[in-house]
Engineer: 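Below you'll find the structure I mean.
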Amino acid sequence: DNFGTTVFENVQIHGYIEGESNTAALFSFGTQNGHSTGSSYTVELKNVKALQLQEFLTGIIADGKGRTAEDIKTFLKGMFEKALFNDFIKTNPMLGVQIPKHYRKHGTTLTLYEETSFVDSIRGDHYEPVLLFLLYSGARVSEAERLTISDIDLSSNTVAIRTTKLKDRVNAKPRIVPIFPKLRPVLEQAVKSGITFPYKEMANKCGQRFKKYCPNHHLHELRHTFTT
């Protein structure tokens, strides 16, 4: 029974109940894919110390991942609050954890030359369809993951993009985006095959592929490029 599980970039975090009696609360956090950030632990939730969590987050910051550390801290705070509410722990160790504030930089757009070079470079790449979709629709990766064939309306030349930013995702109205000429072949192929973007770990994989072709930019900057 999970009460907190997430993956931020290459860092995995799990909080779960183990055993038939549901009395042993275990907590594990560490790394994925051989990434060197932080350490790996599997301990009873009640035995997790603030110092362990502090060292874990400090290691992530030292790896140049200040934004990731900030996101993980927010997640851990909520997870331990839930554990406290359910009487798995007596105190929240995150109350003793502090990290420097990360000042997030606003993204920059790709220049016309960079955009043209990027499109030429990814031709034939396994992730070409979704990368082009992000560039020509302004969608977030999380929104691309939720795209279904029924969201694509070739007759009206529009695509419905379902937001992941609102709390009430079920009742949130989708954002209707015109299918621009450069985007249409991507969606036509999706409709023809009956599949949108069948990739595992899309966010991580797309980010890695984009960095290969545009090392000086971040994946989210495709969204900024679209809006300009």
Side-chain angles (χ1 to χ4, degrees), residues 1-107 140-143 145-146 163-172 199-208 210-211 218-221 223:
D1 183 17
N2 285 315
F3 58 88
T5 299
T6 192
V7 175
F8 293 92
E9 295 189 0
N10 292 311
V11 182
Q12 59 178 336
I13 300 173
H14 304 285
Y16 54 93
I17 303 169
E18 184 174 84
E20 295 181 0
S21 63
N22 281 350
T23 57
L26 302 182
F27 172 67
S28 70
F29 56 97
T31 61
Q32 279 191 328
N33 304 326
H35 192 65
S36 62
T37 294
S39 304
S40 180
Y41 301 88
T42 299
V43 295
E44 284 193 55
L45 197 64
K46 65 182 180 181
N47 292 330
V48 176
K49 304 299 182 185
L51 181 60
Q52 288 176 304
L53 298 172
Q54 182 73 64
E55 291 177 343
F56 177 62
L57 292 172
T58 300
I60 296 171
I61 293 171
D63 240 12
K65 304 290 185 180
R67 176 174 179 173
T68 300
E70 197 172 70
D71 290 339
I72 290 175
K73 182 186 175 186
T74 300
F75 173 82
L76 288 172
K77 182 175 180 292
M79 191 181 78
F80 278 102
E81 285 175 351
K82 186 175 181 180
L84 183 64
F85 178 81
N86 286 282
D87 295 326
F88 288 112
I89 56 178
K90 299 301 181 184
T91 59
N92 186 343
M94 286 302 296
L95 295 177
V97 176
Q98 294 184 345
I99 61 173
K101 181 174 177 58
H102 174 70
Y103 292 93
R104 305 189 180 201
K105 298 180 180 179
H106 295 291
R140 301 175 177 89
V141 179
S142 56
E143 293 169 339
E145 288 178 310
R146 301 185 70 194
T163 183
T164 58
K165 299 295 285 185
L166 300 177
K167 290 183 178 180
D168 187 5
R169 298 178 185 177
V170 175
N171 297 315
Y199 307 112
K200 294 181 179 180
E201 299 180 15
M202 187 186 293
N204 283 337
K205 296 297 184 182
C206 284
Q208 292 169 6
F210 179 72
K211 272 292 186 182
H218 298 286
L219 182 63
H220 191 71
E221 290 169 4
R223 180 172 166 80

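FYI, the numbering just counts along the sequence from 1.
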Engineer: Using a 4.5 Å cut-off on heavy atoms from C-beta on, say whether the side chain of Ile99 contacts that of Gln54.
Structural biologist: yes
Engineer: Sequence neighbours left out, what passes salt bridge (charged side-chain N to carboxylate O under 4.0 Å, His left out) with Lys77? Give chain and number order.
Structural biologist: Glu81
Engineer: Taking the side chain as every heavy atom from C-beta outward, state whether Arg140 and Arg223 have any atom pair closer than 4.5 Å.
Structural biologist: yes
Engineer: Look up atom CD in Glu55 and atom NZ in Lys49, then write down how far apart they are to the nearest 0.5 Å.
Structural biologist: 13.5 Å
Engineer: Return the minimal non-hydrogen interatomic distance between Pro100 and Ile61, and the atom names on each side.
Structural biologist: CD-CD1, 3.9 Å
Engineer: From Leu57 CG over to Leu76 CG, what is the distance, rounded to the nearest 0.5 angstrom?
Structural biologist: 6.0 Å
Engineer: Met94 versus Phe80: any side-chain heavy-atom pair under 4.5 Å?
Structural biologist: yes
Engineer: OG1/Thr58 to CG/Leu53 distance, rounded to the nearest 0.5 angstrom?
Structural biologist: 10.5 Å
Engineer: What distance do Asn92 atom CG and Lys82 atom NZ have between them, rounded to the nearest 0.5 Å?
Structural biologist: 14.0 Å
Engineer: Looking only at heavy atoms, what is the nearest atom pair of Leu219 and Cys206, with distance?
Structural biologist: CD2-CB, 3.8 Å
Engineer: Would you please name every residue forming a ring pair (Phe, Tyr, Trp, His ring centres under 6.0 Å) with His220, sequence neighbours left out?
Structural biologist: His224
Engineer: Does Phe88 offer a backbone N or O that forms a donor-acceptor pair with the side chain of Asn86 under 3.5 Å?
Structural biologist: no
Engineer: Determine the minimum heavy-atom distance between Pro93 and Thr91, stating which atoms define it.
Structural biologist: CD-O, 3.3 Å
